[in-house]
Amino acid sequence: MTASRRTWITLSLATIVAVTVTGTVGAAATASTATGPPVLVKQSTAVGSGGAVASDDVQATQAGIEVLKHGGNAVDAAVAVAATLGVTDPFVAGIGGGGFLVYYNARTHRVYTIDGRETTPQSAGPNLFIDPATGKPLSFPTAVTSGLSVGVPGNLMTWQQALRNFGTISLAAALRPAERVARQGFPVDAEFREMVRENAFRFDQFSSTSALFLPGGQLPVVGATFRNPDLAATYAEISQKGVKDFYGGPLGAAIVNTVHNLPLVPGATLVPRPGFMQLPDLAAYTSPLRAPTHVTYHGLDVYGMGPPSSGGITVGESLNILSNFNLRDMSTVQALHHYLEATRLAFADRNRYIGDSSFVNVPEQQLLSPAFGRQRACLINPAKAATSPVPPGDPSAGSGGCVPLQPAETGQPSDGASTNNLVVEDRWGDVVSYTNTIEELGGAGIVVPGRGFLLNNELTDFDFVPLQAGVPDPNLPAAGKRPRSSMAPTIVLRDGRPFLSVGSPGGASIITTVLQILLNRLDFGMTLPQAIAAPRASQRNSTTTQAEPDFISLPSTPGLQALGQSFAISDTSPLNPSIIISPLIGAANGLEFLGQDRVLVAAEPVRRDGGSAAVVRPDP
Ligand code: GLU
């Protein structure tokens, strides 16, 4: 617990007993208030056995620990954590959104994945984001805050699918802790308030959203208790009626009504466009099990999420490229230069070849082949950064010749920027890494009236128009299609047994964040908490690399600049450039097996106000 965190707790909650946590402990410590719900104290790392959880939020982590303590497995706990995040982190999680779950089953020794990505309504098509009045694409902010951007949500079906296939408890049991937190409330933290501040200019346009998050036009007060009785009732209703309530029943009808009849306040200044979703779109939704992506790196087996996410393939291709070098023996400048060049190349391939594989032919095996890694690796010049945008490679050409790079003309996809990742491990050694989101921070900005949750804007992850004229774009909108994601929940096995698991938010920077953490841990000698905390840079085939201020201050950065790498921090809202936002990249959570049933679980320590890690039985 940092000094500032301690200060916040003691100052803002005068009635609580101040709790100081030193070292690593297990389940979150609690302190009591005179009137409000219990206050949990979080820490960013824990070591022990019996099961482990890391998530963005202490209530959510605690919900998972309770499920594990009562005999639940990793999947049971993951659903409880995700549902609770829908309450405590409603701007990045919840049943209004979707995500991808990667799962290692200790009994079968296999990795499974669940695709809970949102889908495009059947009555929408390629012109989803084209303004009929002008024939031109809508601006990104106009598209985000609208009914048009709302995809058929996948998280609830993912929870059902995960529990049915791999869990031991009912959906109702898994929702219970979340329902309780929604009803009892939880203390508003600085991050919660910040999310509302960044979105107030659009939340105040919708009566349902402003009533929930801006009551009386005021931002939530840090330390005050936030309750969401509507969401508690929604969870209770789902528990009673099952997911069909959402996927085709009355709750689904409420979503459809909201998307068509946007709940605008009287005198709203925004004129958001309604969407296309109909009840049959919800009734037809599925969250299929899919094969994971797989590559080897340093003899480890790295599993990730395949299409419609580009996460697993792009992390995997980058690792294949870097397998051609020995980062461990390089100077820091050279190792980071190779990291940046590898993702520059891999993003060119991602943008050209990856989309929803039910609609486009994604050459997954070719992109993940060591031969293609060699084709791309030989283009890295140790003395000079390539000029972006670089063109994609030819996955059908194997290792091919080393064709010099010619600058390409291509646009940049506008991937939005936030979600959450949770990791869970249980006493049997099962592991879940689950990244889920409502897309932008605050999603479409629209709360379903009386239901207590925000709707996603996931469809803005599509390219609105082809990135390059005359070149096929795998990520254009189509009816029933899932937009390409960057989410990259990852599980690494060593000798067939789980070793590491990690995942992060951050839009397209998820891919570079997950890769950078793996390299920090596997090549650069960092511990997992250090790997998660280290400053980040994200090169995605653009002329400048997005970087955190602390990365720009590193002693290695002038050396990188001398090689032609250039860096810029990104600190304005993509929805409203007058709003300053955090320039930090991602907020990862991960875990590592230490042997003899012991696990180190590590949450983000600082970014987004820090996450929460806990184990069932802490080391003495
Ligand atoms: N919509 C993003 C994606 O699927 C995830 C949200 C985020 O972290 O930005 O890649």
Side-chain angles (χ1 to χ4, degrees), residues 55-56 82 85 89-94 96-102 113-120 140 143-144 149-155 158 195 198-199 287 304-315 343 347 350-351 354-356 412-422 433-444 454-464 474-475 477 481-490 502-515 536 538 540 546 570 573-575 581-582 584-589 604 607-608 611:
S55 81
D56 281 4
L85 286 168
D89 277 18
F91 315 108
V92 300
F100 299 98
L101 187 150
V102 178
T113 77
I114 301 177
D115 168 7
R117 187 63 161 174
E118 294 89 336
T119 56
T120 308
F140 185 68
V144 167
S149 68
V150 183
V152 179
N155 275 337
T158 302
M195 293 296 101
E198 289 177 14
N199 282 290
S287 54
M305 191 68 224
S309 184
S310 60
I313 295 178
T314 313
V315 169
T343 60
F347 265 85
R350 167 204 186 257
N351 294 345
I354 307 177
D356 181 344
Q412 283 290 323
S414 50
D415 303 274
S418 227
T419 167
N420 76 87
N421 184 79
L422 62 96
S433 184
Y434 178 25
T435 314
N436 67 90
T437 185
I438 59 172
E439 217 301 280
E440 278 301 322
L441 294 165
L454 282 158
L455 292 170
N456 72 82
N457 65 295
E458 214 73 54
L459 301 185
T460 58
D461 273 357
F462 281 121
D463 298 335
F464 294 6
N475 191 36
K481 193 174 177 183
R482 299 181 178 207
R484 178 178 59 211
S485 171
S486 300
M487 290 188 259
T490 302
V502 70
S504 178
S509 74
I510 291 171
I511 290 167
T512 56
T513 292
V514 167
L515 179 68
R536 295 192 182 119
S538 177
R540 306 192 295 274
Q546 182 190 358
S570 170
S573 165
L575 302 183
I581 62 170
S582 165
L584 304 184
I585 300 173
N589 294 311
E604 163 57 45
R607 299 173 181 93
R608 288 223 216 135

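Indexing begins at 1, ligand by ligand and atom by atom, following the structure's order. FYI, the numbering just counts along the sequence from 1.
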Quiz prompt | Criterion side chain to side chain contact (heavy atoms under 4.5 Å, CB included) on L575 and F140, from CA distance to verdict | solution = CA-CA 7 Å; L575 302 183; F140 185 68; 4.1 Å; yes

Under 4.0 Å, heavy atoms only, figure out whether ligand 1 is touched by the backbone of [X], its side chain, both or neither.
X	answer
R482	neither
E440	neither
T419	both

I'd like to check which ligand 1 atoms, numbered from 1 as shown, lie under 4.0 Å from a non-hydrogen atom of [X].
X	answer
G507	7 (C), 8 (O), 9 (O)
E439	1 (N), 2 (C), 6 (C), 9 (O)
M487	4 (O), 10 (O)
E458	1 (N), 2 (C), 4 (O)
D461	1 (N), 2 (C), 3 (C), 4 (O), 10 (O)
I510	8 (O)

Could an N or O of ligand 1 be found under 3.5 Å from any N or O of [X], whether backbone or side chain?
X	answer
R484	no
G506	yes
T437	no

Any donor-acceptor N or O pair under 3.5 Å, side chains R350, T314:
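Their side chains do not contain a donor-acceptor pair, so the 3.5 Å distance test is not met.
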
With no hydrogens and no angle check, do the side chains of S538 and R540 hold a donor and an acceptor under 3.5 Å apart?
-> yes

Hey, what do you get for [atom1] ([X]) to [atom2] ([Y]), rounding to the nearest 0.5 Å?
X	Y	atom1	atom2	result
M487	M305	CE	CE	9.5 Å
S309	D115	OG	CG	9.0 Å
N475	D461	CG	CG	7.5 Å

Check your understanding: Heavy atom of R117 under 4.0 Å from ligand 1?
Key -> yes

Please examine the side chains of S310 and I511, heavy atoms only from C-beta on, and report whether any two atoms are closer than 4.5 Å.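 I511 vs S310: side chains touch.
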
**Study point:** Side chain proximity check, P489 to L101, heavy atoms < 4.5 angstrom
**Key:** no

Checking N456, N420, T419, T158 against N436 for side-chain hydrogen bond (donor to acceptor under 3.5 Å, both in side chains), the one that qualifies is N420

